[in-house]
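For clarity, every value in this text was computed on a predicted model and none was experimentally measured. Chain identifiers are assigned alphabetically (A, B, ...) following the order of the sequence lines, protein sequences preceding nucleic acid strands; residue numbering begins at 1 within each chain.
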2 protein chains.
Amino acid sequence: MTAQFARPLSLAVSTVIFSLRRGADDSMVLSLPLVRRIRAPHKGVWALPGGPLGPDEDLAQAAGRNLRDTTGLEPRYLEQLYAFGQPDRSPDNRVVSIVYWALVGGDESATNFDDENVQWFAADNLPPLAFDHGLIVEYALWRLRNKLEYSRLAHGFLEPKFTLAQLRRVYEAVLQRRLDPGNFRRMVETSGQVVPTGEHLAGTKHRPPQLYRFNTAQGLIDPDPLTVRTTLTQPGVAS
Amino acid sequence: MTAQFARPLSLAVSTVIFSLRRGADDSMVLSLPLVRRIRAPHKGVWALPGGPLGPDEDLAQAAGRNLRDTTGLEPRYLEQLYAFGQPDRSPDNRVVSIVYWALVGGDESATNFDDENVQWFAADNLPPLAFDHGLIVEYALWRLRNKLEYSRLAHGFLEPKFTLAQLRRVYEAVLQRRLDPGNFRRMVETSGQVVPTGEHLAGTKHRPPQLYRFNTAQGLIDPDPLTVRTTLTQPGVAS
DNA sequence: GCAAAAGTGTTATTCTTACACCCATGA
DNA sequence: TCATGGGTGTAAGAATAACACTTTTGC
């Protein structure tokens, strides 16, 4: 069962990290951090953060650790995306990459990185990427948009307390289309995934909006069997 | 980047294979083939078919090859399920398994296997499984049921020409609930995924039903970016 | 004719969507 | 008072679901 060949096979874990960052005109921009490769192949080209799997590490742990190490950020959500294993995806070695995707809060991603080889990019304006990472990001974006619509994934982008307009802007930035405020309010209220706190946000130059929080009592709607297990064993991650 | 540890890491590719087999009372039973392990660990226990990744093999190719080798069956559909990598999922070595799931036609699965260590089991009545394969099958079942509802996955179970009642029975067997024949007909007709051939099935002791075929002109509804690529490069698999 | 499944029609209900309009605040 | 977004109401249209009914065959 052990894989041993002339061409050595290595296993890597990479992560597509998403955040909503404040744009020039105060809009929200879906962004992700990339690292510049400092060695061949594809030296100098931007790529997804990634690294090897530790000897006693779970795959998700490896993704989380690598995320923290290279970006200094803490994931609010972490989910496996796909395993990529085309024989020719790396020119030299045979590399199978198990790719995760993650969400981090907008505040944590506000500052830039110390390392000039790590940088934020807008999701709709990426540089050319190394290996098959362009396809990987494309797939991660598709998954993010799909999953947002039938799960309460958006809390990964927000603070514990938020207004419904903030939540709506998360949806609009990710899905890249305007949503009717009234209908959005009803949609999210009837879903039961959100609870009003009674508090109101002051200081706006209009009617003070109510603050909401996510309903921790209610789980996901129709969670898959893997999510059920992981949330029971390690709450907080992979909700 | 190469993973080299005291405890050797091996990469395996396994597959959950689904088929609809004829049950005792002529009903359709969702079934899957399992192989009995002939060595430790878990010697004698039933497990998913699987094996190592070949040096120049794509992950999906490895899954398909292994499927043909151990069961003699040809996959009609093949999709990656998940990568499992818990450090303790195998008692001895560290094994990361990239698991695929597949559909094979009911006719191909009609006969039993020559090898007594390969056997069909009903999906809702499985024996205890080795490693974490029980969880894997549970997840594969969840994916199959979910995906059936928004894709034309059912053709993996059927012949090129079929009646709408046969198609409905596929749905009923997989989803494990009765569907209204009239509503089902309209649902599937308006979806445009199916085309009437004009031919009729004779020999029934009631009104002869029309034969349909799947609409090859129309692609999947909202296919993910990976599926788009694979269907363009190798049509037939992973539709 | 009778049974059985094919195939069609009809209606109630729920979900979605568009959009009008009132409310509460700062300037 | 006005501008601005918060928040509510409403009604048309689409999708869903339950079920009655007609059609065409074999026996």
Side-chain angles (χ1 to χ4, degrees), chain A residues 22-23 25-28 145-146 148-152 154 158-159 161-173 175-213 221-222, chain B residues 22 25-28 145-146 148-152 154 158-159 161-213 221-222:
Chain A
R22 212 150 278 299
D25 58 335
D26 211 59
S27 62
M28 279 176 155
R145 291 188 173 123
N146 264 47
L148 188 68
E149 289 176 340
Y150 63 92
S151 75
R152 60 156 196 244
L158 290 170
E159 298 306 301
K161 290 175 185 173
F162 51 88
T163 68
L164 290 190
Q166 289 170 334
L167 181 62
R168 177 167 48 80
R169 273 176 223 119
V170 168
Y171 273 73
E172 290 178 340
L175 301 178
Q176 293 190 295
R177 69 164 191 267
R178 305 302 241 140
L179 300 172
D180 181 280
N183 294 337
F184 182 80
R185 161 177 299 275
R186 267 183 297 258
M187 184 271 281
V188 79
E189 270 175 346
T190 56
S191 78
Q193 306 232 356
V194 116
V195 184
T197 62
E199 300 169 71
H200 289 261
L201 185 68
T204 56
K205 62 176 182 177
H206 52 77
R207 178 173 173 175
Q210 192 168 180
L211 287 167
Y212 288 75
R213 59 173 179 79
I221 308 151
D222 187 28
Chain B
R22 213 151 277 299
D25 57 336
D26 210 60
S27 61
M28 279 178 154
R145 290 187 173 123
N146 266 50
L148 187 68
E149 291 177 338
Y150 63 91
S151 76
R152 57 157 197 243
L158 290 169
E159 298 307 300
K161 291 174 184 175
F162 52 89
T163 68
L164 291 190
Q166 289 169 335
L167 181 62
R168 178 166 47 81
R169 271 175 224 119
V170 168
Y171 274 73
E172 290 178 339
V174 171
L175 300 179
Q176 293 191 293
R177 68 163 190 268
R178 304 304 241 141
L179 299 172
D180 181 278
N183 294 338
F184 183 80
R185 160 177 298 274
R186 266 183 298 257
M187 184 270 283
V188 82
E189 270 175 346
T190 57
S191 78
Q193 306 233 353
V194 116
V195 184
T197 63
E199 301 169 69
H200 289 260
L201 184 68
T204 56
K205 61 176 183 179
H206 52 79
R207 178 172 173 177
Q210 192 167 181
L211 286 168
Y212 289 75
R213 60 172 178 79
I221 308 153
D222 187 27

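Across B/V170, B/V194, B/L211, B/T197, a single residue satisfies side chain to side chain contact (heavy atoms under 4.5 Å, CB included) together with B/F162, and that is B/V194.
In this structure the side chain of A/L175 reaches within 4.5 angstrom of the side chain of A/E149, judged on heavy atoms.
Each of C/dA6, D/dT8, C/dA24 was ranked by its minimum atom distance to the side chain of A/R185; first place goes to D/dT8. For B/H206, whose side chain is taken as the heavy atoms from C-beta onward, the closest listed nucleotide among C/dA5, D/dG26, D/dT4 is C/dA5. Each of C/dA5, C/dT25, C/dC19 was ranked by its minimum atom distance to the side chain of A/P208; first place goes to C/dT25.
Here the C1' atom of nucleotide D/dG7 and the CZ atom of A/R168 are 11 Å apart, to the nearest Å. The nearest whole Å value for the distance from the CD atom in A/Q210 to the C1' atom in D/dT8 is 14 Å. In this structure, CG of B/N183 is placed 16 Å from P of C/dT14, rounded to the nearest angstrom. Between B/Q166 atom CD and C/dG7 atom P there is a gap of 12 Å when expressed in whole angstrom units. Taking atom CG of residue A/L201 and atom C1' of nucleotide C/dT25, one finds them 12 Å apart after rounding to whole Å. We find that CZ of A/F184 is positioned 14 Å from C1' of D/dG6, with the value rounded to whole Å. The interatomic distance linking B/D180 (CG) with C/dA5 (P) rounds to 15 Å, in whole Å. Atom C1' of nucleotide C/dG7 and atom CG of B/L211 are separated by 15 Å, given to the nearest angstrom.
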Stepwise side-chain hydrogen bond (donor to acceptor under 3.5 Å, both in side chains) test for B/E189 and B/Y212: CA-CA 10 Å; B/E189 270 175 346; B/Y212 289 75; 3.2 Å; yes
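An OP1 or OP2 oxygen of C/dG7 is reached within less than 4.0 angstrom by no side-chain nitrogen or oxygen of B/R186. In this model, the phosphate group of C/dA3 is not approached by any side-chain N or O of B/R207 to a distance below 4.0 Å at OP1 or OP2.
When all heavy atoms of B/R207 and B/T204 are compared, the closest pair comes out as O-OG1, 4.0 Å. Of all heavy-atom pairs between A/E199 and A/K161, the closest is OE2-NZ, 2.6 Å.
When each of B/T163 and A/G182 is assigned the nucleotide of DNA chain C bearing its nearest heavy atom, the one mapping closer to the 5' terminus is B/T163. Comparing A/M187 and A/G203 along DNA chain C, the residue whose closest nucleotide (by nearest heavy atom) sits nearer the 5' end is A/M187.
A/T204 comes within 4.0 angstrom of the backbone, heavy atoms only, and of no base. Contact annotation for A/A165: backbone-only contact, meaning every heavy-atom pair under 4.0 Å involves sugar-phosphate atoms and none involves a base.
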